[in-house]
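To start, the structure under review is shown below, and the notes come after it.
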Amino acid sequence: MRGREKMNKQMRRGRTIVAEREQAESESERMQARRKAHRKKTTAAMTVLLMGAVLALSAYLGMEQLSRNHEAGEKEEASDVQIMAQIVDEDGRGQISTRMKRYIAQLEGDFRDLGYTISKVTLPTGAGREIYVDIVGREGMFIKINTDRETAVSAEDATRMLKYLDERDLHPGYLDVRVAGKAYYK
């Protein structure tokens, strides 16, 4: 009888056996939903941390590789520059940048391809973007070249001007090919 009394009390409160089951199922579902949400948050946080670690590691390794490549490149650049012409630094500092050495070597190659040989390259005082080039067989004359221009273009402009001077039997003190599309002599 006691079981019936208990049931009757519950019935009096407006509960049914089905309602009691639904309440138990809904609490169970809510607990499962909470666990699922908690797992999702934990998984998302772990994924973000893992991705951050992977990105940080790849950035570190990339910077290391870039640093090694840069050091190797500088050593290679310094060793592969072969200049046959005499270089005169009017400032007297004795330090010529690797960029300038590469420019002179490339200019020397371009002149050689056009049939001329550079005997001397002068780095004038106070002119950071300009060099004076002496050609073998053209004593008493030098060519002013701007280092911002491509070496092939400067060499071609200079050889055209040298041919022009030869045709007219002119012997100027210097030839200026610093400006694109124009050449001057004096």
Side-chain angles (χ1 to χ4, degrees), residues 47-186:
T47 303
V48 167
L49 285 173
L50 183 62
M51 291 300 288
V54 167
L55 286 173
L57 181 63
S58 65
Y60 172 75
L61 292 175
M63 292 303 287
E64 282 291 316
Q65 184 65 31
L66 209 114
S67 175
R68 279 190 229 118
N69 288 347
H70 182 68
E71 288 172 3
E74 282 182 350
K75 289 177 185 173
E76 189 176 297
E77 286 174 359
S79 66
D80 72 346
V81 175
Q82 294 180 357
I83 301 171
M84 304 304 284
Q86 173 191 3
I87 299 176
V88 177
D89 185 9
E90 287 185 348
D91 286 338
R93 293 176 291 177
Q95 292 182 345
I96 301 169
S97 70
T98 304
R99 178 188 172 274
M100 183 59 78
K101 287 179 182 177
R102 278 186 290 151
Y103 186 87
I104 292 169
Q106 194 171 3
L107 184 68
E108 197 173 40
D110 290 336
F111 268 106
R112 194 176 320 113
D113 292 344
L114 295 170
Y116 294 93
T117 304
I118 296 176
S119 61
K120 181 171 84 170
V121 176
T122 305
L123 306 172
T125 302
R129 303 208 180 271
E130 172 177 314
I131 58 175
Y132 300 158
V133 176
D134 291 4
I135 302 291
V136 172
R138 302 284 181 157
E139 284 69 31
M141 183 187 87
F142 62 91
I143 303 169
K144 292 183 179 183
I145 295 178
N146 185 341
T147 58
D148 287 336
R149 295 182 66 204
E150 289 187 37
T151 58
V153 174
S154 294
E156 188 176 337
D157 287 350
T159 56
R160 282 185 184 157
M161 201 56 197
L162 288 170
K163 287 176 184 174
Y164 174 84
L165 294 172
D166 288 343
E167 289 171 358
R168 286 160 181 72
D169 197 31
L170 298 172
H171 303 285
Y174 71 89
L175 180 62
D176 188 344
V177 293
R178 293 177 292 177
V179 179
K182 297 184 181 191
Y184 305 96
Y185 65 91
K186 184 173 181 183

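Here the structure is a predicted model, which means the values were calculated and not measured.
Within the structure, side chain to side chain donor-acceptor pair (under 3.5 Å) pairs that include any residue of residues 152-162 comprise Arg149-Asp157, Glu156-Arg160 (at least two apart or interchain). For residues 163-174, every residue pair satisfying the salt bridge (charged side-chain N to carboxylate O under 4.0 Å, His left out) rule, not counting sequence neighbours, is listed here: Arg138-Asp166.
Residues Tyr103 and Ile145 approach most closely at OH-CG2, 3.6 Å, considering heavy atoms. For the residue pair Gln82 and Ala105, the shortest heavy atom distance occurs at O-CB, 4.0 Å.
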Distance-only criterion, 3.5 Å: show the donor-acceptor pairs between side-chain atoms of residues 109-119 and protein atoms not counting sequence neighbours.
residue: Asp110; atom: OD2; partner: Thr151; partner atom: OG1; Å: 2.5
residue: Asp110; atom: OD2; partner: Ala152; partner atom: N; Å: 3.0
residue: Ser119; atom: OG; partner: Asp134; partner atom: O; Å: 3.3

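Side chains of Leu175 and Tyr164 form no contact here, defined as non-hydrogen atoms less than 4.5 Å apart. With a 4.5 Å cut-off on side-chain heavy atoms, Leu107 and Ile131 count as touching.
The CZ atom of Arg129 sits 8.0 Å away from the CG atom of Asn146 when rounded to the nearest 0.5 Å. Considering CD1 of Ile135 and CD1 of Ile143, their distance stands at 4.0 Å, rounded to 0.5 Å. Rounding to the nearest 0.5 Å places CE of Met100 at 6.0 Å from CD1 of Ile104.
Of the possible polar contacts, one joining the Ser58 side chain to the Val54 backbone as a donor-acceptor pair under 3.5 Å is found.
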Would Met141 and Leu162 satisfy side-chain contact (heavy atoms from CB on, under 4.5 Å), going step by step from the backbone distance to the final call? CA-CA 11 Å; Met141 183 187 87; Leu162 288 170; 3.2 Å; yes

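For Tyr174, the side chain to side chain contact (heavy atoms under 4.5 Å, CB included) criterion is met by Phe142, Lys144, Asp176, Lys186, not counting sequence neighbours. Evaluation of the salt bridge (charged side-chain N to carboxylate O under 4.0 Å, His left out) rule for Arg99 yields no partner, not counting sequence neighbours. Every residue was checked against the side-chain hydrogen bond (donor to acceptor under 3.5 Å, both in side chains) condition with Thr47, not counting sequence neighbours, and none meets it. Residues meeting the side chain to side chain contact (heavy atoms under 4.5 Å, CB included) test with Gln65, sequence neighbours left out: Arg68, Asn69. For Glu130, the salt bridge (charged side-chain N to carboxylate O under 4.0 Å, His left out) partners two or more places apart in sequence, or in a different chain, are Arg178. Applying the side chain to side chain contact (heavy atoms under 4.5 Å, CB included) criterion to Val88, with sequence neighbours excluded, gives Gln86, Lys120, Thr122.
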